[in-house]
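Note sheet for the following structure.
Bear in mind the structure is a predicted one, so any value in this text is a computation, not a measurement. Sequence lines set the chain letters: A, B, ... in the order given, protein chains first and strands last, and positions in each chain run from 1.
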Amino acid sequence: MQKISLTASRRRLPAMVAIVLVAIAGAAAGHWSGTIDLRPLATLCVVAFALFTELPAGIIFAVLLSIVYSATGSTGPGGAAGIADFALFTVIDVLAAIIASAIKVHTARQKVADIALERSALQEYEQRYLSVGEIIPFGTWHTRPDDKLYMSQSFLDLVGMTIDEIQNGGWVTRVVPEDAQRFLEAWERRDQSDGSWEQEYRIRGADEKVYSILSRGTRLNGADGETLGWVGVSFDITIRKRAEERLEFLAEAGRLLALSLDPETTLGRIAALCVPKLADWCTVDLLSEEGQLNLVVINHRNPERVAMARELRLEYPPSDDDDIQRAVRGGSPLIVDDVKNPRIAAAPRDDRHLGLLRELELTSLMYVPLIARGKTLGAVTFVSAESKRRYDSNDLEFAEILCRRAALAYDNARLFAREQRVAEALQTASLPTSLPEIPGVRISATYRAGAKESEIGGDWYDAFELPDGDLALSVGDVAGKGLKAAVAMGAVRQAIRAASFEGASPAEVLNRANRLLCHQNIGMVTAAIGILHIDTRLFTFSTAGHPPILTIRQNEDLRLLTTEGLPLGVLPEYIFTQDSTILDRGSLLVMYTDGLLENTRNVKEGELALAGAVRHELASPSQNAADSIVARVLTSNPTDDVAALTVEISPDSFDRFDMTVAAEPESARMIRRGLRRLCRAAGLTEKRTMNMLVASGEAVSNAIQHAYGVEGGTVSVHAYRVSGTLVVEIGDTGRWRVERQDGHGRGITLMRKLVDAVSIQSAAHGTAVVLRIADGPSV
Amino acid sequence: VTELATFDVRNLDGYRVVIAAGEIDISNARDFRRALQDAAPAKTEALIVSLSAVTYMDSNALAVLLETSRRFGVSRRQLRIVCPPESSCGTLVRIAGLHKVFPMFDTIEIACNGL
């Protein structure tokens with residue numbers, strides 16, 4: 001107030017000086033002219049002076065002015081006035097001063113009243129503004145031109161700080177670290193904005209909970225466009241933000257959980273999802289058949305702490321009355337909002353336990369059972385630790401929703417995996433565990449499952465020796481996927497085997513399999529069947545809706561072998577035809593399923609790639625021809641499954657046979673098979689062939705028995721024809737057993753009676769039996 | 001792996017008959033022995049073993065036959081072997097001199113009526 005009147009008097013001074021000067025000038029003018037009556041001017045000056053000053057000054061001015069005017073004779077025409085005139089003039093001026101002063105005082109009073117009225121209205125406005133501000137969580141804020149920040153009480157309550165602490169910037173430390181820098185930079189730059197400012201940030205309240213705030217402000221501009229400060233509102237958007245985040249989270253969870261059909265992966269994903277959004281660490285336990293909880297997954301936001309968290313769980317497993325056990329038994333979730341609260345949290349069992357709990361900064365816990373299809377499968381434990389987050393009923397509700405989805409996803413994956421395992425097992429069991437070892441040919445095969453884990457196909461390959469020594473080959477593809485296809489494949493393959501064993505020709509094999517498929521309504525199957533007579537290399541084949549069989553020999557074009565029959569399982573009375581060809585020595589035969597071609601961009605390209613791979617294999621043979629051909633054609637994992645089977649025909653004519661095998665009982669038949677072929681090729685009669693087989697069988701049996709139980713013992717056979725004689729050398733890696741024992745010693749006597757000559761050479765490194773028989777049909 | 005040999009047990013005219021088919025060697029002689037043991041409980045008077053469908057056998061099979069025959073002799077039971085003399089098995093039995101150890105028959109029917 002003082003200040004205001006001072007400035008006012010300073011502003012009045014020039015006016016007053018001007019009035020005095022006008023009055024003196026008027027007196028001087030009246031004095032020199034003596035003709036103009038200047039008293040009205042003097043009265044006017046008095047009135048003006050009185051308006052600018054207090055009443056006494058006005059009266060003194062009026063008297064002084066009257067004296068001046070009277071003395072100078074500038075009162076009017078006629079020169080100096082009389083005493084009466086002077087008195088009258090003075091009275092009039094004094095009265096004018098009094099009246100002016102009175103008017104001034106009245107006006108001033110009026111003004112004061114108006115200001116008071118205005119001020120109370122302003123206060124009311126401010127009060128309203130502040131009240132409204134308090135209603136909005138978390139209030140309003142404003143800055144003054146000195147840049148000091150003022151916050152509503154509700155904000156102070158939120159962070160638990162005084163206005164001084166706020167103004168010292170203390171509240172900024174409460175902004176969560178992830179948002180702090182962005183928020184502060186935006187705050188510092190607010191004056192560069194177009195006059196409005198908006199930021200979302202999260203702040204940790206005095207209650208340790210995190211709140212999301214939308215702060216929106218506007219600049220206050222002065223008359224000259226200068227910034228007077230900012231006013232703004234802090235909206236609490238925690239609930240909206242949380243709802244948004246949860247929706248996003250659930251959407252992401254749904255997407256991730258649907259990604260895998262593998263139960264273990266699914267559990268891992270659940271744990272990965274929850275950290276750190278919902279928990280600092282998270283464990284998943286599964287309930288065993290015996291009702292035991294087994295820790296399967298643990299995930300910590302800090303990978304270095306996973307081990308410690310695991311240690312805590314394994315060294316201090318939940319006891320029967322533990323919260324997690326109660327949650328699982330009761331099938332309803334449990335929350336421990338503060339582990340320090342002894343009423344709700346289990347007490348540490350010992351100092352080490354307490355130490356671990358402290359080191360892991362355990363703060364708050366939620367135990368949520370995994371329930372799917374009415375069955376409790378396990379539980380998820382959500383742990384809040386270093387984030388200091390305290391779980392509330394909202395979090396629990398959300399965790400429950402998440403776990404319900406997760407449990408269902410896991411259960412689905414488990415059910416699927418079970419079917420998958422069965423299908424896989426069936427598929428594997430249906431494929432031959434070993435391929436026949438036949439002298440003169442080399443057989444290889446491969447099977448590759450499709451890339452999609454959800455699809456086990458019904459592709460097969462099969463190769464087996466028929467009772468008459470012929471080699472039977474088949475590949476095929478059952479339409480459809482999964483368990484059903486695997487079962488159908490097993491049935492078809494078995495039907496083909498059965499028919500082949502009974503001596504059916506390839507066309508007849510397909511006729512029978514076709515009738516069976518149609519009758520049992522198994523579905524559509526494509527197949528290629530071939531029977532190879534090893535000695536003559538005559539290959540008889542029949543195909544049913546299947547890609548052609550390929551055969552190639554050195555420097556020749558690829559030949560496609562097909563009879564273009566219908567797929568199996570379509571027309572029950574369909575009659576298949578067959579064809580045959582002699583396979584050249586040194587040629588390669590390839591049978592495959594169409595997964596090999598479908599993987600490439602188009603079938604033509606696939607066929608070219610296959611032809612190239614087959615030629616390459618022929619030029620530089622590998623250990624497993626089928627495997628390397630498939631690897632060469634498929635540049636990526638096949639989408640569909642692939643089966644392939646190859647037969648390489650030995651380039652040599654069959655006049656010798658060499659074989660080294662493990663000294664095991666099962667090896668005897670392989671040696672016998674090779675020798676039988678050689679005997680036949682040498683033109684021995686059936687009877688003399690048998691004699692040689694029995695004689696060598698005795699030698700092989702002795703070698704096997706001798707080496708039995710010896711690690712890595714082998715039997716080697718070298719059989720060849722030399723000047724009309726078939727010579728069979730059978731060697732082992734030990735000493736010959738000559739003593740007569742349970743009739744086995746009889747072997748030597750038998751050998752001598754069966755073949756033309758027998759010699760036994762025993763040495764330190766092993767024993768060799770050499771059997772000789774005249775070849776040809778001669779006796 | 002396909003079975004090398006099969007051993008079928010049948011009852012024929014009151015006799016137990018084991019019909020062996022396939023090849024008998026060191027790897028499956030044990031199965032042959034078990035088949036003979038299982039087919040002939042203690043009270044069986046005689047066991048007929050048909051080798052007509054056997055395409056290969058060596059001393060491993062002969063040893064089983066000898067051993068069974070010895071066991072039967074102790075309990076006064078009879079082991080009759082069926083195999084045509086010109087077959088590979090017949091030749092082998094004869095070369096080994098076992099036709100003097102147990103009676104040989106050309107067919108199962110003859111073996112049944114042989115007593």
### Message
Assess the residue pair R71(B) and T68(B) against the criterion (side chain to side chain contact (heavy atoms under 4.5 Å, CB included)); give the C-alpha distance rounded to whole Å, side-chain angles, the decisive distance to 0.1 Å, and a yes or no.
### Response
CA-CA 5 Å; R71(B) 210 156 41 82; T68(B) 310; 3.8 Å; yes
### Message
Between E686(A), K687(A), R672(A), M690(A), who has the most heavy-atom pairs with chain B when the cutoff is under 4.5 Å?
### Response
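So the answer, after comparing E686(A), K687(A), R672(A), M690(A), is R672(A).
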### Message
Please determine whether a side-chain nitrogen of the Lys or Arg among E67(B) and R33(B) lies less than 4.0 Å from a carboxylate oxygen of the Asp or Glu.
### Response
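Result for this pair is yes, salt bridge flagged.
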### Query
Are any of the side-chain nitrogens in R676(A) or E465(A) under 4.0 Å away from the carboxylate oxygens of its partner?
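No, R676(A) and E465(A) are not salt-bridged.
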#### Entry: Side chain proximity check, I496(A) to W460(A), heavy atoms < 4.5 angstrom
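A side-chain contact under 4.5 Å exists here.
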### Task
Examine whether an atom of E86(B) lies under 4.5 Å from a heavy atom of chain A, and if so say whether it belongs to the side chain, the backbone or both; otherwise answer neither.
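Only the side chain of E86(B) comes within 4.5 Å of chain A.
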### Query
So what's closer than 4.5 Å to chain A heavy atoms on S87(B): side chain, backbone, both or neither?
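For S87(B), no heavy atom lies under 4.5 Å from chain A.
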